[in-house]
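Notes for the one structure printed next.
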Amino acid sequence: MSQTAALLAGEPLIRVDGVNKHFGPHHVLKDVSTHFNAGEVAVILGASGSGKSTLLRMLNRLETHDSGRIVVDGIEVSDDARQLDKLRTEVGMVFQQFNLFPHLTVLDNVALAPRRVRGLSRAEAEARAKDLLDRVGLSAHIHKHPFQLSGGQQQRVAIARSLAMQPKVLLFDEPTSALDPEMVKEVLDVMKRLAATGMTMLVVTHEMGFAREVADRVLFIDQGRVAADAPPEQFFGAQDNERIRAFLGQILH
Amino acid sequence: MVAAAAGLLLILWLITIPLAMAPEPIGNNAQLFADGTRVTVQLTVVSGLIGVVLGVLAALGKVSRVAPLRWVAGFYIWVMRGTPLLVQVLFVYFALPEISPWLRMSEFTAACMALALNVGAYNAEAIRAGLLAVPKGQLEAARSLGLSRWHTFIDITFPQAFKIALPPLVNNIVALLKDSSLAFTIGVVELTNAGSQVKSTSFQAVPVFIATAIIYLVLTTVMTQISDAVERRFDIEGKLG
């Protein structure tokens with residue numbers, strides 16, 4: 001509801017205002033301001049250590065920000081525990097290392113949060129989980145444990161697990177970086193299908209093909225600042241920024 | 001696991017039979033040995049269960065973000081691991097009633113309490129190690145799904161921590177079974193006390209203490225069987241082969 005309300009008011013789903021972050025003496029993010037609209041697919045690029053994962057992780061408070069404001073779907077991101085729990089139910093996260101729960105079956109991994117947080121009955125939650133696992137092509141594996149699955153399969157379970165909470169935005173923190181090359185495609189395919197459904201997605205990745213093909217926007221973070229923010233055709237086209245050209249040159253060989 | 005636990009009950013139930021068939025001075029004192037064995041197992045089970053609960057609480061205290069909880073848990077572990085169990089047993093039985101008459105308890109209760117407090121401190125360190133061994137990514141995944149702190153702990157952290165803590169916990173419980181012999185000193189007629197009584201009436205130390213030791217060995221063996229079964233139950237990844 002609030003998302004619709006926000007849209008009507010022309011308010012972006014996520015607003016980042018003058019955010020700074022330090023790790024010790026290292027100034028990771030410098031006065032970053034940007035916003036993300038509902039339904040948008042944004043790809044965040046940048047060299048390792050540029051602060052792109054930190055920016056993503058601040059949006060659901062896995063990292064704190066030192067100054068500035070972050071508002072997600074009308075909720076100010078802060079240490080207020082109740083607001084934080086509410087925020088996290090609306091913001092899904094997919095991790096580089098999958099972080100599936102090793103002691104639970106695939107089905108329980110996906111069904112747990114809807115039961116505990118949304119108050120669904122076991123039957124309702126499992127029906128939702130089965131439906132989602134079917135959509136990511138894992139119906140045959142629902143009673144297995146994570147260690148029995150390949151990396152690509154585990155990451156697809158992780159995506160289904162996030163979707164089970166029906167979040168308003170899904171954050172992807174280098175979702176294919178820990179995968180063997182042959183498994184990258186199956187995960188990207190799931191993400192592409194998800195983007196096509198109108199899901200709001202923020203994706204930190206090095207997959208240029210995905211950025212080119214799926215993204216509405218490409219943000220380039222360089223030394224803690226948003227150095228570029230453009231549609232992909234413009235970003236990958238005639239690029240006059242020397243540092244971006246160098247970065248793209250390294251990634252694309 | 002059920003089979004091993006049933007085995008333990010069966011041993012307690014039927015232990016009089018092989019003991020009665022043993023030559024003198026065991027056979028004619030079979031009932032005393034059997035009763036002593038039962039008391040030893042009761043001491044171990046009761047103080048073991050309380051000790052696990054104490055261990056969980058103390059471990060949580062030690063990793064708590066609330067400083068006074070960390071101090072209380074740290075103090076408890078420091079005192080219990082830093083003083084002899086025998087002193088603790090004697091203190092609970094003899095000294096506590098002098099501090100307050102409300103703290104007067106039977107020999108058995110006092111022994112259980114001292115043993116539970118002692119093993120709880122060792123369990124706390126085992127469980128704390130388990131809690132710290134759960135990867136940070138697990139907490140991040142649980143929290144980013146919107147799970148509350150409580151559900152993150154109950155559904156995600158604790159099951160994984162407990163599995164890691166299980167082998168050292170079992171080690172502590174096996175040690176507890178043997179340490180329960182210290183209840184002898186405050187007059188609890190457990191297995192060692194029973195053996196000692198038979199020795200003083202029969203004057204045959206060798207067969208008496210061999211029999212006593214064999215009974216302890218049988219109990220610890222069964223206990224290890226139970227723990228192996230529990231470990232296997234938690235070993236969903238098939239690491240144990």
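When reading the values below, keep in mind they use all heavy atoms of this one structure, side chains included, and skip hydrogens, waters and symmetry mates. A note on names: the letters A, B, ... follow the listed sequences, proteins ahead of strands, and every chain is numbered from 1. Since this is a predicted model, take the numbers as computed values, not measurements.
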| task | Please determine if B:Arg149 and A:Asp85 form a salt bridge, counting it only when a charged side-chain N lies under 4.0 Å from a carboxylate O. | result |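 Salt bridge absent between B:Arg149 and A:Asp85.
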Problem - Heavy atoms of other groups near B:Arg70 CZ, more than 12 under 6.0 Å - result: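 Result for CZ/B:Arg70: enclosed.
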Margin query: Are more than 12 heavy atoms, taken from residues, nucleotides or ligands other than B:Phe75, located less than 6.0 Å from that residue's CZ atom?
Written below: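 12 or below, so no.
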Side chain to side chain contact (heavy atoms under 4.5 Å, CB included), that's the test. Do A:Arg116 and B:Leu145 meet it? Break it down for me. CA-CA 10 Å; A:Arg116 295 289 190 256; B:Leu145 282 167; over 6 Å; no
Margin query: According to side chain to side chain contact (heavy atoms under 4.5 Å, CB included), who are the partners of B:Ser106, at least two apart in sequence or on a separate chain?
Written below: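 B:Phe108, B:Thr109.
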Side chain to side chain contact (heavy atoms under 4.5 Å, CB included) partners for B:Thr192, two or more places apart:
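Partners of B:Thr192 by the side chain to side chain contact (heavy atoms under 4.5 Å, CB included) criterion, ordered by chain and then number, come out as B:Ser181, B:Phe184, B:Glu190, B:Tyr216.
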- Message: With a 4.5 Å cut-off on side-chain heavy atoms, are A:Val117 and B:His151 touching?
- Response: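 Side-chain contact under 4.5 Å: no.
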Flag the pair B:Leu147 / A:Leu112 as yes when at least one side-chain heavy-atom distance between them is below 4.5 Å, and no otherwise.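 With C-beta onward as the side chain, the pair touches.
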Is A:Pro102 close to chain B through its backbone or its side chain, or both, or neither, when contacts mean heavy atoms under 4.5 Å?
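Its backbone and side chain both get close to chain B.
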Practice task
Under 4.5 Å heavy-atom distance to chain B, tell me which part of A:Leu100 shows up: side chain, backbone, both or neither.
Solution key: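 Backbone only.
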Would B:Glu140 and A:Arg57 count as a side chain to side chain contact (heavy atoms under 4.5 Å, CB included) here? Give the steps. CA-CA 10 Å; B:Glu140 292 189 346; A:Arg57 288 164 56 84; 2.7 Å; yes
>> Could you measure the distance from the OG atom of B:Ser144 to the CG atom of A:Leu59? Nearest 0.5 Å is fine.
In response: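 Reported value, rounded in 0.5 Å steps: 12.5 Å.
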Requested in this report: Please round to the nearest 0.5 Å and tell me the distance separating atom CG of A:Leu84 and atom CZ of B:Arg143.
Outcome: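 Answer for the CG-CZ pair, A:Leu84 versus B:Arg143, is 6.5 Å.
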Heavy-atom donor-acceptor pair, A:His103 side chain to B:Asp155 backbone, under 3.5 Å =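 Yes, A:His103 side chain to B:Asp155 backbone: donor-acceptor pair under 3.5 Å.
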Q: Please answer whether the main-chain N or O of B:Gly137 pairs with a side-chain N or O of A:Asn99 as donor and acceptor at a distance below 3.5 Å.
A: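 Checking the backbone N and O of B:Gly137 against the side chain of A:Asn99, a donor-acceptor pair under 3.5 Å is found.
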Considering all heavy atoms of both residues, which atom of A:Phe101 and which atom of B:Ala141 are nearest to each other, and what is their separation?
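Looks like CE2-CB, 4.0 Å.
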